Structure formats: structure tokens, C-alpha cells
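These notes are about the structure you will find just below.
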Amino acid sequence: MELNFNKIEKKWQKAWEKAKIFEVKEKSKNKKYYVLEMWPYPSGSGLHIGHAFNYVVGDILARFKRMQGSNVLHPMGFDSFGLPAENAAIKNKSHPKKYTEDAISNFIKQQKALGISYDWSRVVSAHNPDYYKWDQWIFLKMLEKGLAYKKKSPVNWCQKCGTVLANEQVHNGKCWIHKDTDVEIKHLEQWFFKITNYANELYEDINKLKNWPERIKAMQRNWIGKSYGTEILFEINGEKWPIFTTRPDTIYGVTFMVISAQHPKLMQLVTEKQKKEIEEFLKKIKSTSEKDATELEKEGAFTGSYAINPLTKEKVPIYAGNFVIADYGSGMIMAVPAHDSRDFDFAKKYKIPVKEVIKGGNVKKEAYTEDGKLINSKEFDGLDNHQAINEITKYLEKKKIGKRVVNYKLRDWLISRQRFWGTPIPIIYCEKCGIVPVLEKDLPVKLPENIKFTSEKNPLIDYKPFVETRCPKCGKKGRRETDTMDTFVNSSWYFFRYTDPKNNKKIFDTEKAEYWNPIDKYIGGAEHACMHLIYFRFYTKFLRDLGLINLDEPTFNLFNQGMVHGEDGFVMSKSRGNVIDPLNIIKEYSADTLRIFLVSIASPDSDYSWNNSGIESMHKSIKKIIDFYKHLKIGKSSSKIESKINKSIKEITENIENLKYNLAIIRIKSLLEDLISEKEVSKKDAEIFLKLISPFCPHITEELWEKFGNRGFISLESWPEFDNTKIDERFEQQEKAIENLIDDINNILRIVGEKKEKVFVYVLPNEKLLYSNESDLIKKKTGLNVFVYAVNDKEKHDPNGKAKKAKPGKPAIYIE
RNA sequence: GCGGGUAUGCCGGAGCGGUCAAACGGGACAGACUCAAAAUCUGUUGGCUCAGUGCCUACAAAGGUUCGAAUCCUUUUACCCGCACCA
């Protein structure tokens, strides 16, 4: 009687689709619940086990909430712009659209094979002009609000991508996609979004993200990098230069200044005499730029200029240095070698004097960076350095030579990309009018479809039908921007579009978006902590400020599922040969087995390794469930099983609610064992059990539900409620007592070490029924024939007089 | 360097103040069934001891809080992750 799982799966997947049971509307009496898994990049190789895990984690919750009576929005879409599609097009001399759309249909097929309960009527794809039109619209709004701007600046360039990258996409000096490729610095005119305008709000509102993993919040705090300090005006060549420092208490110890080698105004400070030296220095650091930043020694060269310390009026030399970051703070630092180890290293190397201003260390040997009392600081001498930070800042403010400021590490978001397969930036360059935005009514600016892909170069540049256009202002000839936008713009607002995916008048209807948002549970990997998960917060705030939505944060509830590793414990990779293909697993074991197995090994938020014997045994459990229903005798449930069922409902409900699926599954399995050992079970209880497994194994539960003679879908049934009055702890106690007895008997058997046949159990008269009712179980577990006597039974067989040892709840035993 | 996290038995992994020698799964070993194997079922799986009791050593290490700690606090160590010359 082999079951054809795949056939059953297909049957129900079709039935769900036909009945459109997962499609939702805003009009509902029920409470809304928005479950969202991060949309994938549809790669040509199809979905991998990590995707499957991600979707299953979300789907179990979606199905559970739906059964609980929520109006559940569970949509899916595709982040379909990006480099692989373009590279494939170059290779095959085709168009990225074809690659992308093939990949999408393959993804959908696979997602359906997993039995994920998406509302397929809402699917969106980034590369669809109906979608990216709104990317362009947002761009125009950003421009209007002064949040989109173009500037020439040093930008990160990845040779392999053939394009610039945002700061967030540079990891350890390497490209986020090509992890072996050093990012180069190029000076280019590029478009930016002024995310820094929101730096403070993005930082402060992290506190509102109550149900986000701590580490993601920590990463974002770190990335935004808010720090409080003082800006002090130093006079250089008669001009005031603001210098940011967090240590104004050390201002009397400044012995030199260092300006970043990348600072745009560096050459202004270089004197004729020093020009050669500086140029040599710049050349040198350029040639060593491929080295790991950590290994770089601090280096610099004297610019020839001096700065005047506003408090001491001392003249200190200004160096250009390789360790100062151009666009953090003021791009120039006041160097205090006595109390900063970097400054100290630099001073030692270039023989610059060290001036101690905080007591406590030996500044001849090393920088003293701990706390202490001020010295050599005139009227501030003797102050505790923490106090001094305050006092000196106050003094500077009074003299108008400094002020308290807040600084952020966050940089503006560089969104230009020199690639084809992205959202075109809706800008026209006119000789007369300059930079002119495309009119809203002319959106979308579409990517051409009959364009040839021959080389790595963006083909738009040479494609006249695209490039040549008219200026919307003066009507003269204009040239279109050929750069496209970073693909992260697409994912920054897609969760709003799901709520109104077909709207061609507006980006989304406010009412609809406000009905569904914020997302109630957002599920995805942790790798986007400082990219997507910052950008989508930024967009939400921007759209709020446009008056489109009254919402500060896209979600307060973020869940990071763990990584699924190969059976060898390593990350799955083709080269290691440890890749598990979800489709193969579905074919071999069924989608239900894969689903339940994926969430059974460990808590879904922790990493784990695939285990082949594990899925094997899970598959057996599934068959056992089916078998149980095949042989089930419907009748009346014992009060014991009723107690167990109600207790299980309670616990499983809690476990699923908290995404502790692994624990829910343990309960399910143990309840199954209990049910199997019953002689008969009521129809109601048998159905409750099916419902409890349904979010994990939707296909077989639909099938069994139907076999029960039910019409309609179990997926739409209501989740069982538990009845506290049916839960009777006495059953647990009794069970424990029987277990103890079995343990004791087995223990004696082990000690005796001989083969025995019979066990005589002597119990108190009032306990006789309890134990004799379970004699089958005792027999099964000990392999002995069981005889239960009341201690006062005159007929009892008790050659060793053991019966008198019996105590309440602890029977006496004799084995022979 | 900064920040976040983790450390449990052969392995994976629960537990997060008592009911813990520690759920559940995998593996291993033993038994039942079988001509035999697979499947299935049952038991064992820290040590000593014992007709079922009891004792010892245990949840990275060392301290501490507590009547009581795998669970709370401190320090240390190891590992993982993120940022990294951010002034």
C-alpha cells in the first residue's frame, strides 16, 4: 500500500490554486496578519535549501494564523534586477529579460511544489515596468525633496561587476558579490540618496524595534555609528576649518594635524615646496591600496601648512595621512599623540613631539588612553578628563570657536550603477537646461528590449533610441542618463506594493497599505543587516514624509532563520559536493516530509546541518501518521487521551506562536504515539490531531481530511481550542507511576541477568485497577507476563513475601 | 580594537532558579520477531553499588549570589558573526 505522495501533493496544490483559497482582501471581520519572507533574487539555478527553509518557516506561521482566524497576507515576488541575468545575456547573446523570466517561472514552480500558501494574485517582479515605474517615481520625489543629488566623489568600483558600489556593498575592502575582488576608488559623478538626513531617526528608532534580533540591531547601530563630540575651529592660512573630535579634553596636547589623503581640499594646503613630497606620497599609497587595511602602516607627508590651535594659539604642522577617512567628521583630525595610539605611532615615525595632558601613563613609551586628571592645560588643570570634555566644550562655545556636534558613520547611499539590468534613472541631460528630471507622466522610462548584449559595457550608452531624447523643459535635444539604480531600491518598498500590486495610478493605495502594514512577521537571513534592512526603514520613513503612509517602521518583528549546512557541517557549495536540492528531497520523500523535517532539527533561528538519516526517520513518522488513520477505529475517546490532546493543543499552539516549531513537532510525535496506543478515538479528536499537523504537512492532512468525508479544505478549518477542564494532571501522574514501575522491573532484570518469564506486582487495593489496566503496556516494555495483585489478596502468588514492601504509588515486585 | 552571540552527554539539540544524570532526534550496543537479513517493536547508552535503594562526578573554567544553579552575577578561556585606522 505505497502512497504516492507526489500525486497527492499535486492534487492539493491544484485544488488550492483553483479555489484561490489563499487570496485575501482587506474587507474582513478578522484581524489582519502580514507574514512576509524576503523576496528572492531569481537565480537560474533555482531555489536552494536555504530558500526552502525560509519559505517553510513563514508558511507554517501563515497557515497557523489563517486557521486561527486571521486575515493573512502572505505574498511572494521577485527581486529580478541584477548582474547574473545580464552576464547570462552577454554569454548567450540574448536578453536578460528572458533569463530572468525563465528563472522566475522555475522559482514559482518550485515554491508551489513546497506547498507554500502564497496569494499568487499579488506576485510582483522588480524588472516589470509596472513595478520599476514606481522606483523612478520615488527617485523624482527624492529629487524634489532634495534627497537625490549628483556629485563627483571618490566611489567604490568593482572591476568584476563593472560598476560602482554603495558603501554597504563593500565588505572588508572587497565587493559583496565578488568576495575576492578588491574595490578600487574612482572619482566619478554619481547619483546619491541622502539617507544621512534620516541618520538620527534611523538610529534612535532602533529602540522601537522590540522584536528584532539583538545582533541585527547592534549591527545597525554600529553601521550608523552615532557619536557625540565637539567641532573645534582651527585657523589654517587665515581660514577657519572645523575639526571634529570626541576628545576636546586633550586639546592642549595637539602637536600636529592630519588631513585625509583623499580629502578634496588637500591640495589647497600643500605649499609649493612640499608639492613633490606629497605627490610622491599619494602615488605610494595608491600603489599599496590593495593591501589589507589592517596591515597598512600609518604613513604621511608634511603639507607645508600649519594650523593654529584656538586655545593655545600654537602653530602645529599639518600632515596628509593615509589613516584618516576623508568623509567622516571633517576629514581632518587634531592629533594628540600622548593620548591616542594611532597619533602616537604617527608621531614616532615622523619625530613629532608628544605632549602629555592627562596624568596616569608613560607617554614616552606609549599613548595613555585611559582616564585621568588634566595637566599642562592651563585653567583646566586638575579636572577629571570626563569633566574636562564638558568644561572645555562649554568654554569653546562661549568663545564661539567650537560647538557640540553629533556625527554619524553612515554615508549617503550611492545608487548609480553602470549596468543595464536595473531601473533606469529618470533623468535627461540638456545642453541648455542641464540636469532635467523626466516628467511624471512620461514614466516609466523603459529598458529597451531589442538591444544587443555583446560586451561587459552597459549597452545603453551606445543605444541611440534610448539615449537620444528631447528635453522636457525646452524641447531641444537631450541625452538620457544611462546609469541604472542599485537593485536595493527595488526591495526597499516591495512590501508596500504587495498590498496594492496592480495599481497603475499610484505607487499604492494608502488605505490598503495602512491596513496591512506594518509587517507582522518578516522572515529572512541576517546577511542584509546593514543593507536591505536599513534601506527599507529609510524608504518607509521617506514615504511617510511624503504623506503616503502613516508608519515609522516597516516591521517591529524580524525573524532570522538559521543557515542550513551540508551534512559535513560546512556551508553547502557545489565545490564541496554537499548541496541538498529541495526538489530531489521532495521527489524522494515528499514535500510534507521536507517541510516538517526542515523545522524539526533545531530551533529555526539557529544554524544546523542536514542529516540524511534524520529525514529518513521523519519520513517514517509521516507514514506512521497515515497508517494510524488507515487503521483508526472511530469511537469514544478515553478521558486520558482527551487530557493529552487538550494539553497538546495548548503547548503546540504556544510553540508555533513563538516559532519554536521543533518543540511543537516533539509534542506532535508524542501525541501520535499516545493515539496509536488507544483502542479507539473519537472523530473529533482524530480531526484535531490532523489540524495540529496541518501547517507542517498541508498535503497529507488535506488528503486525510477528505478521506474522513469532510468537504472543504483543512487549510481553512479553524485551529483547535483547548479545553482546560479536560486536562487532568492525574493521568500524567499515573503514567509516571507506571513508567517508574517498568523502569524498576527492567532494572531488576538487568541486575539479575537471568531470563525471567513472569512478574508479580503487588499494589494497594485502591490502585489495583490502575496497574492491571496497564498490564499490556508493562508486558510490552518488559517482555514478562504480568500478574497484578492487591496486597491483601489471599490468593496471590508471593513466595518471597515481597508484597509487604508495597507502598502507595510504589508497588512491590517479584520476578520469576 | 569595538560590538553581538554561543559553549550541555558519542553527535545534533531542548532546558534558562528546585520536580535534572538532563526532553526529543541521530548513532552505537543488546533483546524480540525471522531460516537469515531489512523493516518493526523493546531495552541500554557518566561512574560505582544494589532485586527496584543509595552514593559520587557532571551541563567550557574559576569564583560569587541563594536553603538550592546547567539555569542568575563576575572574571577567564575557546569558537562563531558583524564593523573595523570613524578621531
Side-chain angles (χ1 to χ4, degrees), chain A residues 171-173 213-227 229-230 243-248 250 257-258 260 292-298 321-336 339-343 345-346 369 407-411 526-527 529-530 563 565 567 569 597 600-603 605-618 620-621 623-624 660 662-663 665-670 736 740-756 759 777 779-783 800 802 805 810-815:
Chain A
H171 298 160
N172 295 322
E214 223 28 72
R215 66 186 182 122
I216 303 285
K217 291 197 272 185
M219 277 190 231
Q220 292 209 354
R221 280 198 189 96
N222 188 41
W223 187 259
I224 297 168
K226 185 175 186 176
S227 62
T230 308
I243 302 297
F244 178 74
T245 180
T246 54
R247 294 295 305 274
T250 61
M257 312 287 283
V258 187
S260 167
D292 242 359
T294 43
E295 290 166 22
L296 274 184
E297 204 183 312
K298 284 162 195 55
N322 64 346
F323 68 100
V324 175
I325 291 162
D327 49 2
Y328 179 77
S330 12
M332 188 181 338
I333 59 161
M334 55 174 236
V336 185
H339 306 292
D340 181 290
S341 48
R342 294 157 303 183
D343 299 349
D345 293 346
F346 194 88
T369 54
N407 231 308
Y408 301 92
K409 284 201 247 178
L410 187 72
R411 311 294 148 75
E527 65 275 14
C530 295
M563 288 258 286
H565 291 163
E567 200 165 18
F597 176 66
S600 70
I601 311 175
S603 173
D605 55 359
S606 57
D607 295 350
Y608 64 84
S609 300
W610 185 264
N611 178 315
N612 273 326
S613 43
I615 188 146
E616 192 77 52
S617 85
M618 184 54 85
K620 283 175 193 163
S621 301
K623 285 189 187 155
K624 214 167 170 179
K660 295 268 181 196
N662 53 327
L663 301 182
I665 292 163
I666 289 168
R667 292 299 311 180
I668 286 171
K669 281 191 172 180
S670 113
K736 188 90 192 154
N740 285 341
L741 175 65
I742 292 167
D743 278 356
D744 287 346
I745 296 170
N746 279 323
N747 202 3
I748 297 166
L749 281 175
R750 202 167 26 119
I751 290 158
V752 174
E754 296 169 42
K755 204 159 164 108
K756 300 282 183 180
V759 60
L777 180 70
K779 186 181 175 183
K780 189 180 167 194
K781 298 245 178 185
T782 60
N800 282 17
K802 295 275 183 193
K805 284 188 157 179
K810 191 162 179 62
I813 301 163
Y814 175 66
I815 297 174

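Worth knowing before you read on, the calculation uses all heavy atoms, side chains too, and leaves out hydrogens, waters and symmetry mates. Just so you know, these numbers come straight off a predicted model, no measurement behind them. Labels below follow one simple rule: chain letters A, B, ... track the order of the sequence lines, proteins then strands, and each chain is numbered from 1.
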In this structure, CD1 of Ile813(A) is separated from CG of Asn800(A) (nearest 0.5 Å) by 13.0 Å
Under 30°, 30 to 60°, or over 60°: which ring-plane class applies to Phe323(A) and Phe346(A), parallel, tilted or perpendicular? tilted
With a non-hydrogen cut-off below 4.0 angstrom, is Lys780(A) in contact with a base, only sugar-phosphate, or nothing? sugar-phosphate
Using the side-chain heavy atoms of Lys781(A), tell me which of these nucleotides is nearest: rG43(B), rG4(B), rC85(B). rG43(B)
For Arg667(A), answer base if it contacts any base atom (sugar-phosphate contacts may also be present), sugar-phosphate if it contacts only those atoms, and nothing otherwise; contact means non-hydrogen atoms under 4.0 Å. nothing
Whole Å only: how far is the CD atom of Glu567(A) from the P atom of rC11(B)? 17 Å
Taking atom P of rG54(B) as reference, at what distance in whole Å does atom CG of Asp743(A) sit? 14 Å
Please check if the side chain of Asp343(A) supplies one atom and the backbone of Val336(A) the other of a donor-acceptor pair under 3.5 Å. yes
Quick one: label Asp607(A) by what it contacts on the DNA or RNA (base, sugar-phosphate, nothing), any heavy atom closer than 4.0 Å. sugar-phosphate
Report, as a single string ordered 5' to 3', how protein heavy atoms within less than 4.0 Å touch nucleotides 15-34 of chain B: B base, S sugar-phosphate only, - not at all. --------BSSSS-------
Starting the side chain at C-beta, find the nucleotide from rG5(B), rU53(B), rG13(B) nearest to Ala602(A). rG13(B)
Among the nucleotides rU40(B), rU53(B), rG82(B), which one has an atom lying closest to any side-chain atom of Asp744(A)? rU53(B)
Stems involving RNA chain B, each a run of at least 3 consecutive Watson-Crick or G-U pairs under 3.5 Å: B:1-7 with B:77-83, B:10-12 with B:24-26, B:27-32 with B:40-45, B:46-48 with B:54-56, B:60-64 with B:72-76
Just compare rG52(B), rG4(B), rC83(B) and give me whichever is closest to any side-chain atom of His171(A). rC83(B)
Just compare rA39(B), rG52(B), rC83(B) and give me whichever is closest to any side-chain atom of Asn222(A). rC83(B)
In whole Å, I'd like the distance from the CZ atom of Arg215(A) to the P atom of rG5(B). 10 Å
Of the nucleotides rG52(B), rC83(B), rG3(B), which has the atom closest to the Ala218(A) side chain? rG3(B)
Side chain to side chain donor-acceptor pair (under 3.5 Å) partners of Lys810(A), counting only residues at least two apart: Asp744(A)
Selected nucleotide, minimal atom distance to Thr245(A) side chain, candidates rA87(B), rA51(B), rG43(B): rA87(B)
Go through the steps to decide whether Asn611(A) and Ser613(A) satisfy the test side chain to side chain donor-acceptor pair (under 3.5 Å), and finish with yes or no. CA-CA 6 Å; Asn611(A) 178 315; Ser613(A) 43; 2.9 Å; yes
